[in-house]
> 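I'd like to ask some things about the structure below.
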Amino acid sequence: MGVNIYDVAKHARVSSATVSRVLNGNTHVKEATKERVMKTIAALDYTPNALARKLSTGNTGNIGFLIPDIENPFFAQLLRGITNAADRYGYNIFLYGTDDSVVKEHRLFDAVRTERLSGILVIPVDSENEETCQRLFAFEKERVPVVLLDRSLRHGRFDGVFSEDFRGSMEAVECLLQEGHRRIAAIRGPENSRPGSERWQGYLAAFAKWGLQPDMRYVARGDFHKERAYEVMHGIMEQAEPPTAVFSANNMTSLGCLRYFQEKGLRLGTDISMIGFDEIEMLKDVGIALSVVDRDIYRMGWNAIKLLTRRIQKQEAAPEQDAARQEIFLPTTLVLRGSEKWKGESEG
């Protein structure tokens with residue numbers, strides 16, 4: 001039977017963890033100890049197995065990524081940034097879909113705990129759920145760092161990468177107000193998600209800045225899915241006095257609205273105005289020019305891996321020291337293509 005890491009540790013009179021740190025180039029090992037370990041490795045002719053080294057440090061090189069909706073193109077673009085960055089830093093990505101279900105999300109937490117992951121990226125289903133926080137805290141106690149993406153958690157702070165949702169939605173609604181619109185419909189996102197809440201608050205803030213009150217007849221609760229948006233558009237648009245513009249809280253909601261407009265023969269920028277949140281690349285292919293609040297989704301994914309990698313490396317170097325939390329907020333950009341325009345007269 002060949003020499004293993006425990007044989008090296010025994011002959012060098014150190015722990016197997018110390019041998020692992022030496023093999024991984026950890027700078028927190030004393031020079032004398034490092035020299036003794038290296039001499040023992042040479043004397044025993046020990047060749048470390050890469051997988052064994054990863055398992056001994058707890059760094060398997062595998063990262064779990066939990067997303068709520070695998071059909072949403074936003075998450076596909078996010079995944080591209082994550083996988084490209086993971087390749088750069090030498091990690092593998094394991095994808096898990098929660099289907100926007102807290103029950104499924106928690107079940108997946110139980111499942112991935114057996115996978116010996118190096119870290120976890122999570123887009124939480126419910127920002128208000130305390131059990132989600134406790135389960136993620138448990139991962140970190142087991143030295144499995146957590147980084148949140150897009151959605152934060154109210155009852156616990158973790159490293160995370162988010163966008164400036166409030167500012168982005170406020171700028172969009174202000175743009176519609178500047179165009180002369182006052183009857184501006186809003187298809188809100190779910191209240192239990194940070195983006196849904198922040199974008200709704202941005203809508204309200206735009207009206208407040210202009211000294212106006214939004215007409216709640218034109219506001220409907222959505223769920224970030226196109227089916228719900230299509231359904232509520234019937235009630236909003238088929239009133240005696242329909243809105244002249246719509247602010248859509250996410251890309252899938254925009255698709256639901258556009259389906260309704262197409263069926264009713266309503267032309268963007270002429271019969272109805274609209275600004276959506278998040279780019280929809282497929283619309284460019286079919287000649288639909290939708291104005292949107294855009295953000296660098298690829299960069300969000302890349303930054304998430306950078307944060308997680310830094311946390312993993314810090315824990316390997318000094319597991320007793322808890323790294324300071326870091327949150328990154330990326331700016332949004334209002335991209336105008338004409339759908340914000342309105343051919344009617346200004347409502348004052």
Side-chain angles (χ1 to χ4, degrees), residues 63-83 93-113 115 117 120-136 139 146-156 158 160-163 165-166 168-169 186-201 203 219-233 247-260 276-280 282 293 295 297 300-301 304:
I63 291 173
F65 178 30
L66 277 71
I67 66 171
D69 183 3
I70 60 175
E71 295 181 355
N72 189 328
F74 164 80
F75 298 119
Q77 180 73 351
L78 192 62
L79 181 61
R80 191 167 72 87
I82 287 170
T83 53
I93 300 298
F94 287 75
L95 188 64
Y96 304 89
T98 63
D99 295 327
D100 260 328
S101 164
V102 172
V103 173
K104 186 172 182 179
E105 177 184 65
H106 292 175
R107 188 168 69 246
L108 285 171
F109 286 157
D110 291 335
V112 301
R113 289 185 76 169
E115 299 293 334
L117 297 172
I120 301 177
L121 300 172
V122 182
I123 301 175
V125 173
D126 185 350
S127 65
E128 304 288 334
N129 193 281
E130 293 187 41
E131 184 179 347
T132 298
C133 286
Q134 295 306 315
R135 285 172 175 265
L136 293 180
F139 277 111
V146 174
V147 170
L148 303 182
L149 269 163
D150 193 43
R151 306 178 187 178
S152 57
L153 289 166
R154 181 176 179 181
H155 300 287
F158 299 85
V161 183
F162 313 103
S163 57
D165 295 288
F166 175 87
S169 61
I187 312 298
R188 300 172 53 181
E191 290 183 341
N192 63 348
S193 80
R194 192 198 63 83
S197 175
E198 290 285 306
R199 293 169 196 174
W200 168 239
Q201 292 302 317
Y203 172 92
V219 176
R221 188 163 315 216
D223 59 4
F224 283 162
H225 294 281
K226 57 188 176 183
E227 294 80 10
R228 172 65 179 168
Y230 173 76
E231 175 187 331
V232 301
M233 283 305 294
F247 171 66
S248 164
N250 87 324
N251 55 352
M252 301 304 281
T253 299
S254 296
L255 289 174
C257 295
L258 290 172
R259 176 187 168 193
Y260 174 87
F277 207 105
D278 279 338
E279 189 67 270
I280 307 174
M282 70 180 74
V293 179
R295 48 186 173 156
I297 302 171
M300 287 182 69

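Note that the numbering runs from 1 along the sequence shown for the chain.
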> How far apart are the closest heavy atoms of A229 and C257, and which atoms are they?
CB-N, 4.3 Å
> Given side-chain contact (heavy atoms from CB on, under 4.5 Å), test W200 with V219 step by step and report yes or no.
CA-CA 10 Å; W200 168 239; V219 176; 3.7 Å; yes
> If you measure from CZ on R154 to OG1 on T132, what distance do you get to the nearest 0.5 Å?
14.5 Å
> Decide side-chain contact (heavy atoms from CB on, under 4.5 Å) for I123 and D69; before the verdict, give the C-alpha distance in whole Å, the side-chain angles of both, and the deciding distance to 0.1 Å.
CA-CA 10 Å; I123 301 175; D69 183 3; over 6 Å; no
> Can you name the closest pair of heavy atoms from C133 and G156 and give their distance?
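Smallest interatomic distance, heavy atoms only, reads SG-N, 3.6 Å.
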> Salt bridge check, R228 against D223: does any charged N sit closer than 4.0 Å to a carboxylate O?
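Salt bridge absent between D223 and R228.
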> Rounded to the nearest 0.5 Å, how far apart are CD1 of I187 and CE of M233?
5.5 Å
> Answer yes if the side chains of S254 and N251 hold a donor-acceptor pair under 3.5 Å, and no otherwise.
no
> Check whether F162 forms a cation-pi arrangement with R151 (NZ or CZ under 6.0 Å from the six-membered ring centre, at most 45° off the ring normal).
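Judged by the rule, R151 and F162 form no cation-pi pair.
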> Does one side chain, of R295 or S163, offer a donor that lies under 3.5 Å from an acceptor on the other?
yes
> Answer whether the closest heavy-atom distance between the side chains of V147 and F158 falls below 4.5 Å.
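No, too far: nothing below the 4.5 Å cut-off.
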> Could you check whether any side-chain heavy atom of K226 comes within less than 4.5 Å of a side-chain heavy atom of T253, counting everything from C-beta outward?
no
> Decide yes or no for I82 and F65: does some side-chain heavy atom of the first lie under 4.5 Å from some side-chain heavy atom of the second?
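They are in contact (side-chain heavy atoms under 4.5 Å apart), so the answer is yes.
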> Show the nearest heavy-atom pair for residues M252 and P73, with the distance to one decimal.
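That would be SD-CD, 3.8 Å.
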> Under the 6.0 Å and 45° cation-pi test, does R135 pair with F109?
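No, a cation-pi geometry is absent between R135 and F109.
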> What distance do D150 atom CG and L78 atom CG have between them, rounded to the nearest 0.5 Å?
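Separation between the atoms: 7.5 Å.
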> Quick one: sort the F247 and Y203 rings into parallel, tilted or perpendicular, breaks at 30° and 60°.
parallel
> When you measure from the side chain of R221 to the backbone N and O of G189, does any donor-acceptor pair fall under 3.5 Å?
no
> Without swapping roles, check the side chain of S197 against the backbone of R194 for a donor-acceptor pair under 3.5 Å.
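Answer holds: no.
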> Do H106 and E131 touch side chain to side chain, with heavy atoms closer than 4.5 Å?
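Yes. Closest side-chain heavy atoms under 4.5 Å.
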> Take atom CD in E227; do more than 12 heavy atoms of anything else shown fall under 6.0 Å from it?
yes
> Measuring only between side-chain heavy atoms, which start at C-beta, is I63 closer than 4.5 Å to L121?
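In contact.
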> Could you check E279 against Q77 for side-chain contact (heavy atoms from CB on, under 4.5 Å), going step by step and ending with a plain yes or no?
CA-CA 10 Å; E279 189 67 270; Q77 180 73 351; over 6 Å; no
> Could you give the distance from OH (Y230) to CG (L258), rounded to the nearest 0.5 Å?
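Between atom OH of Y230 and atom CG of L258 there are 12.5 Å.
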> How about V125 and L66: do any of their side-chain heavy atoms sit closer than 4.5 Å?
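In short, these two side chains do not touch, never coming nearer than 4.5 Å.
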> Pick one: which of V122, D100, L95 meets side-chain contact (heavy atoms from CB on, under 4.5 Å) with I67?
L95
> How close do V293 and G168 get, counting heavy atoms only, and between which atoms?
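Heavy atoms only, the tightest pair is CG2-O, 3.4 Å.
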> Measure across F75 and P68 and return the closest heavy-atom pair with its distance rounded to 0.1 Å.
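Heavy atoms only, the tightest pair is CZ-CG, 3.5 Å.
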> Which heavy atom of I70 sits nearest to which heavy atom of G97, and what is that distance?
CG2-CA, 4.2 Å
> Side chains of N250 and N72: closer than 4.5 Å at any heavy-atom pair?
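They are in side-chain contact.
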> Would the distance check show the side chain of D99 and the main-chain N or O of S101 forming a donor-acceptor pair, the cut-off being under 3.5 Å?
no
> Whether the side chain of R199 engages the backbone of A249 through a donor-acceptor N/O pair (distance < 3.5 Å, no angle test) should be reported.
yes
> Can you tell if the side chain of L148 reaches within under 4.5 Å of the side chain of L136, non-hydrogen atoms only?
yes
